[in-house]
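Before any comments, here is the structure.
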Amino acid sequence: MSGAQRLGDLYLTASGRIGRRGFVFGLAPLAAIWTAFVILIPEPMAWVARVLALVLLYLAACVTAQRLHDRGRAGWWIWPLLTAGIAAWIWRETPFGWALGVLLVAPLSDLALRPGQPAFNRYGAPPH
């Protein structure tokens, strides 16, 4: 499988498995793009940021679902994480939003640091 094909699989589908490195290197560019657009887009163009946010959320959900598959978990476990992330963003200037943001660090760190299942599971072969 070519690198470009694998990159497309990483971002455009929630099926399959990815390892820790793929998870980190999959989410890092999405976070960097979002940060750049939040800083650079002026307020009158907020609709661009909303459209971009939807696209980036979809891509982040795909990468996270693949990582959950590597750990032997169903991809639907992404929904509590996404819901908490969206709520943290909506209420980002309140203590509730900050608390949600801090609480999200634990599951994301767990996905980034703990190894996946070493053997074949119902989601496929282990990543290389």
Side-chain angles (χ1 to χ4, degrees):
M1 182 180 306
S2 72
Q5 184 181 4
R6 179 65 193 132
L7 185 61
D9 291 345
L10 175 69
Y11 284 119
L12 300 178
T13 181
S15 64
R17 297 171 61 176
I18 59 170
R20 294 175 284 187
R21 188 179 337 168
F23 176 68
V24 171
F25 289 130
L27 286 184
L30 299 176
I33 291 168
W34 175 247
T35 302
F37 271 88
V38 165
I39 292 169
L40 298 175
I41 293 180
E43 191 62 34
M45 293 185 59
W47 65 272
V48 173
R50 288 184 183 99
V51 170
L52 179 69
L54 289 175
V55 170
L56 293 177
L57 277 174
Y58 171 76
L59 298 175
C62 288
V63 170
T64 306
Q66 289 176 355
R67 182 65 184 134
L68 287 166
H69 290 169
D70 189 46
R71 299 281 300 279
R73 305 276 186 252
W76 68 266
W77 281 102
I78 187 63
W79 289 110
L81 293 172
L82 279 179
T83 302
I86 291 168
W89 177 256
I90 291 171
W91 292 295
R92 65 188 172 274
E93 296 177 5
T94 67
F96 176 69
W98 280 94
L100 278 175
V102 168
L103 288 175
L104 280 171
V105 170
L108 292 176
S109 297
D110 181 63
L111 288 172
L113 298 175
R114 290 186 57 204
Q117 294 180 331
F120 188 88
N121 68 18
R122 66 181 177 163
Y123 301 106
H128 294 35

TODO: Kindly indicate whether the side chain of Pro115, heavy atoms from C-beta on, has any atom under 4.5 Å from the side chain of Arg20.
DONE: yes
TODO: Please name the pair of heavy atoms, one in Ala74 and one in Arg122, separated by the smallest distance, quoted to 0.1 Å.
DONE: CB-NH2, 4.2 Å
- [ ] Of all the heavy-atom pairs spanning Gly97 and Ala88, show the shortest one and how long it is.
- [x] O-CB, 3.6 Å
Task: Where Leu100 and Ala87 come nearest, the two heavy atoms and their spacing - done: CD1-CB, 3.5 Å
Open item on the list: Assigning hydrophobic clusters by single linkage (Ile, Leu, Val, Met, Phe, Trp, Tyr; side-chain heavy-atom cutoff under 4.5 Å), is Leu103 placed with Leu81?
Closed with: no
Task: Contact check, side chains of Leu27 and Arg67, non-hydrogen atoms, under 4.5 Å - done: no
Task: Any donor-acceptor N/O pair, Gln66 side chain to Phe23 backbone, under 3.5 Å - done: no
Open item on the list: Would a single hydrophobic cluster contain both Val51 and Leu57, if residues Ile, Leu, Val, Met, Phe, Trp and Tyr are joined by side-chain heavy-atom contacts under 4.5 Å?
Closed with: yes
Task: Residues forming a salt bridge (charged side-chain N to carboxylate O under 4.0 Å, His left out) with Arg71, sequence neighbours excluded - done: Asp110
Task: side chain to side chain donor-acceptor pair (under 3.5 Å) pairs, two or more places apart, involving residues 84-102 - done: none
Open item on the list: Working to the nearest 0.5 angstrom, can you tell me the gap between Leu113 CG and Leu108 CG?
Closed with: 10.5 Å
- [ ] Mind jotting down which residue pairs meet the ring-ring contact (aromatic ring centres under 6.0 Å, His included) criterion with at least one end in residues 65-86? Sequence neighbours excluded, please.
- [x] His69-Tyr123
- [ ] Determine the minimum heavy-atom distance between Pro126 and Pro118, stating which atoms define it.
- [x] CG-O, 3.3 Å
Task: Side-chain heavy-atom pair Ile33, Phe37 within 4.5 angstrom cut-off - done: yes
Open item on the list: Just so I know, are the side chains of Thr64 and Leu82 near enough to count as touching, which here means a heavy-atom distance under 4.5 Å?
Closed with: no
- [ ] Might you point out which heavy atoms bring Pro127 and Gly19 nearest each other, and give the distance in Å?
- [x] CG-N, 3.4 Å
Task: Least distance between heavy atoms, Gly22 atom then Ile18 atom - done: C-CD1, 3.8 Å
